[in-house]
> 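Below you will find the structure I want to go over with you.
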Amino acid sequence: MSIREALNEFIRDKFEIGDDPDFTNDVHMFNEGFVDSFGAVEIIHFVEETYNIKITQRDITLYPMNTVNEIAAVVEKKI
């Protein structure tokens, strides 16, 4: 399973998005109301545990992480 697929699946399950066609790998999860700030913490924790990486405050400042594709790109840089 790719990073994008794993993230998409985790987010759909964790935040009860299900098969909503409006949720894509390019949708801004926060602006569209799929995930809130507490959810962002849960996503970062999932990524850190799953891929054995650390997402730092600097990463959060430097890289946009509002979509599945943006988060996956950051993960790919760090592994």
Side-chain angles (χ1 to χ4, degrees):
M1 180 179 292
S2 74
I3 294 169
R4 282 166 181 73
E5 290 168 336
L7 278 167
N8 189 299
E9 183 178 295
F10 170 78
I11 293 165
R12 283 182 181 275
D13 291 346
K14 182 72 178 176
F15 304 104
E16 299 177 358
I17 297 168
D19 292 332
D20 188 329
D22 292 331
F23 184 80
T24 67
N25 286 350
D26 290 315
V27 73
H28 192 298
M29 295 181 285
F30 307 103
N31 285 353
E32 297 302 319
F34 289 109
V35 179
D36 62 14
S37 58
F38 293 109
V41 173
E42 292 183 70
I43 293 169
I44 289 172
H45 180 72
F46 167 77
V47 164
E48 289 178 333
E49 291 295 312
T50 303
Y51 298 102
N52 198 30
I53 61 172
K54 179 72 176 148
I55 301 295
T56 65
Q57 185 62 44
R58 180 173 164 82
D59 294 328
I60 293 168
T61 302
L62 287 177
Y63 306 112
M65 288 190 266
N66 302 305
T67 71
V68 169
N69 284 333
E70 289 173 348
I71 297 167
V74 172
V75 172
E76 289 166 352
K77 287 178 186 179
K78 296 186 85 59
I79 57 174

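Quick caveat: nothing in here was measured; it's all calculated off a predicted structure.
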> Is the shortest heavy-atom distance from the side chain of T24 to the side chain of V27 under 4.5 Å?
yes

> Between N8 and F23, what is the shortest heavy-atom contact and its length?
ND2-CE2, 3.8 Å

> Would you indicate whether the side-chain heavy atoms of I17 and I11 approach each other to under 4.5 Å?
yes

> Which heavy-atom pair separates F30 from V35 by the least distance, and what is that distance?
CD2-O, 3.2 Å

> Would you confirm whether E70, through its side chain, and N66, through its main-chain N or O, come within 3.5 Å as a donor-acceptor pair?
yes

> Using 0.5 Å steps for rounding, measure from the CD1 atom of I53 to the CD atom of E76.
10.5 Å

> Any side-chain heavy-atom pair from V47 and V74 closer than 4.5 angstrom?
no

> Check A6 against Y51 and note the closest heavy-atom contact, atom names and distance.
CB-OH, 3.5 Å

> Parallel, tilted or perpendicular, judged at 30° and 60°: which one describes the rings of F10 and F46?
parallel

> Same cluster for V75 and M1 if Ile/Leu/Val/Met/Phe/Trp/Tyr side chains link at under 4.5 Å?
no

> More than 12 heavy atoms of other residues, nucleotides or ligands under 6.0 Å from CG of N52: is that the case?
no

> Distance from D26 atom CG to R4 atom CZ, nearest 0.5 Å?
9.0 Å

> Would you call D59 and K78 a salt bridge, using N to O less than 4.0 angstrom?
yes

> Could you tell me if the side chain of M29 sits less than 4.5 Å from the side chain of I43, heavy atoms only?
yes

> Just how far is it from atom CD1 of I3 to atom CG of N69, taken to the nearest 0.5 Å?
11.0 Å

> Any side-chain heavy atom of F15 within less than 4.5 Å of one from E42?
yes

> Tell me whether H28 at atom NE2 has more than 12 heavy atoms from other residues, nucleotides or ligands lying less than 6.0 Å away.
yes

> Could you tell me whether a side-chain N or O of E48 sits under 3.5 Å from a main-chain N or O of I55, the two making a donor and an acceptor?
yes

> Do the side chains of I44 and I60 get nearer than 4.5 Å, heavy atoms only?
yes

